[in-house]
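Here's the structure, in structure tokens; my notes come after.
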Amino acid sequence: MNRRTKTAVFGAALLLTATAAAASAAASSDSGSGSPVQAREAAALTGKAKLYRSAGDDITFSFDAHLAAKDKADPMKATGTFEWSHYLNGEGARAKAKVDCLLTGGKVAVVSGVITSSDLPGAKGKRVGITVHDLGHRDRLGYSWASTGTPVETKDLPKCVGSAPFEKVEKGTGDFSVTPWQPDL
């Protein structure tokens with residue numbers, strides 16, 4: 001190789017090394033801020049929407065449930081809250097629960113939690129579970145008290161148990177978002 005060819009090869013090698021280093025630095029920082037990229041959370045269920053009821057019931061559910069990347073192997077380390085209300089003709093109740101489990105698969109999530117506040121007598125301290133199917137803007141939802149009529153009647157519900165998502169979200173009232181869990185199997 002002549003001197004000119006050697007210089008060109010050396011220059012190309014330096015350019016490749018610099019490009020690889022820049023790509024590595026970009027991969028380890030978010031949008032140029034120099035901060036390390038956070039690992040994607042292991043699972044999540046978020047959003048708010050109103051359920052469709054032909055009788056005019058006002059039923060709203062909201063979720064802020066997360067499983068951190070570091071807890072990927074244990075869905076019972078999920079954190080967050082979810083709440084709901086159900087009113088018809090000015091009567092009904094609302095409740096808020098602290099998340100104690102979150103499992104997601106594809107666009108389906110099951111979250112459970114213990115009711116921390118409610119105006120439904122006897123509901124506080126009961127575990128409930130909810131299943132959401134994230135279908136875009138026409139999501140579906142089911143709840144553990146579907147067969148009993150009220151969370152108060154549910155006895156000894158295990159963590160991460162819900163019912164089939166048989167209810168429909170009312171069009172244009174909101175949306176739920178599911179981040180799929182991908183455990184190491």
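Heavy-atom basis, side chains included; hydrogens, waters and symmetry copies ignored.
Between F63 and F176, the ring planes lie perpendicular to each other; the angle is over 60°, past the 30° to 60° tilted range.
Side-chain contact check for H66 versus T46: some heavy-atom pair is nearer than 4.5 Å. In this structure, T104 and T179 have side chains that are not in contact, with every pair of non-hydrogen atoms separated by 4.5 Å or more.
Taking all atoms of both residues into account, the shortest heavy-atom contact from W181 to P75 is CZ2-CD, 4.0 Å. Here the shortest heavy-atom pairing between A97 and W84 reads CB-CZ3, 4.4 Å. Of all heavy-atom pairs between K126 and T154, the closest is NZ-O, 3.4 Å. Heavy-atom minimum distance, E153 versus T148: CB-CB, 3.7 Å. Shortest non-hydrogen contact noted between L120 and P151 is CD2-CD, 4.0 Å. Summarising the geometry of M76 relative to C101, their closest heavy-atom pair is CG-SG, 3.8 Å, with the distance given to 0.1 Å.
The backbone N or O of D175 sits nowhere less than 3.5 Å from a side-chain atom of D139 that would complete a donor-acceptor pair. For T131 (side chain) and S163 (main-chain N/O), a donor-acceptor pair under 3.5 Å exists by modelled atom type. The backbone N or O of V169 sits less than 3.5 Å from a side-chain atom of R138, completing a donor-acceptor pair. S144 places a side-chain N or O within 3.5 Å of a backbone atom of G129 that can act as its donor or acceptor partner. Within the 3.5 Å criterion, the main-chain N or O of V161 finds no donor-acceptor partner in the side chain of S112. No donor-acceptor pair closer than 3.5 Å links the side chain of R127 to the backbone N or O of V114.
Rounding to the nearest 0.5 Å places NZ of K98 at 9.0 Å from OG1 of T116. With rounding to the nearest 0.5 Å, the separation of CD1 in I59 from CG in L88 is 8.5 Å. One finds the NZ atom of K72 at 7.5 Å from the CZ atom of R40 (value rounded to the nearest 0.5 Å). Rounding to the nearest 0.5 Å places CZ of R94 at 13.0 Å from OG1 of T60. Within the model, atoms OG of S62 and CD of E83 stand 4.0 Å from one another, a figure rounded to the nearest 0.5 Å. To the nearest 0.5 Å, the span separating CZ on F61 from CG on L51 amounts to 5.5 Å.
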S117 vs K96, test: side chain to side chain contact (heavy atoms under 4.5 Å, CB included). Steps then yes/no. CA-CA 5 Å; S117 66; K96 184 174 185 175; 3.6 Å; yes

Test side chain to side chain contact (heavy atoms under 4.5 Å, CB included) applied to V132 and L45, step by step: CA-CA 8 Å; V132 170; L45 171 58; 4.1 Å; yes

Test side-chain hydrogen bond (donor to acceptor under 3.5 Å, both in side chains) on D64 and T81 and set out the steps. CA-CA 5 Å; D64 187 21; T81 60; 5.2 Å; no

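When the side chains of ILVMFWY residues are joined at heavy-atom separations under 4.5 Å, either directly or via intervening members, V111 and V178 end up in a single hydrophobic cluster.
No more than 12 heavy atoms of other residues, nucleotides or ligands sit less than 6.0 Å from atom NZ of K77.
A ring-centre distance under 6.0 Å is found for Y143 and F166.
Under the 4.0 Å criterion applied to side-chain N and carboxylate O atoms, R53 and E170 are not assigned as salt-bridge partners.
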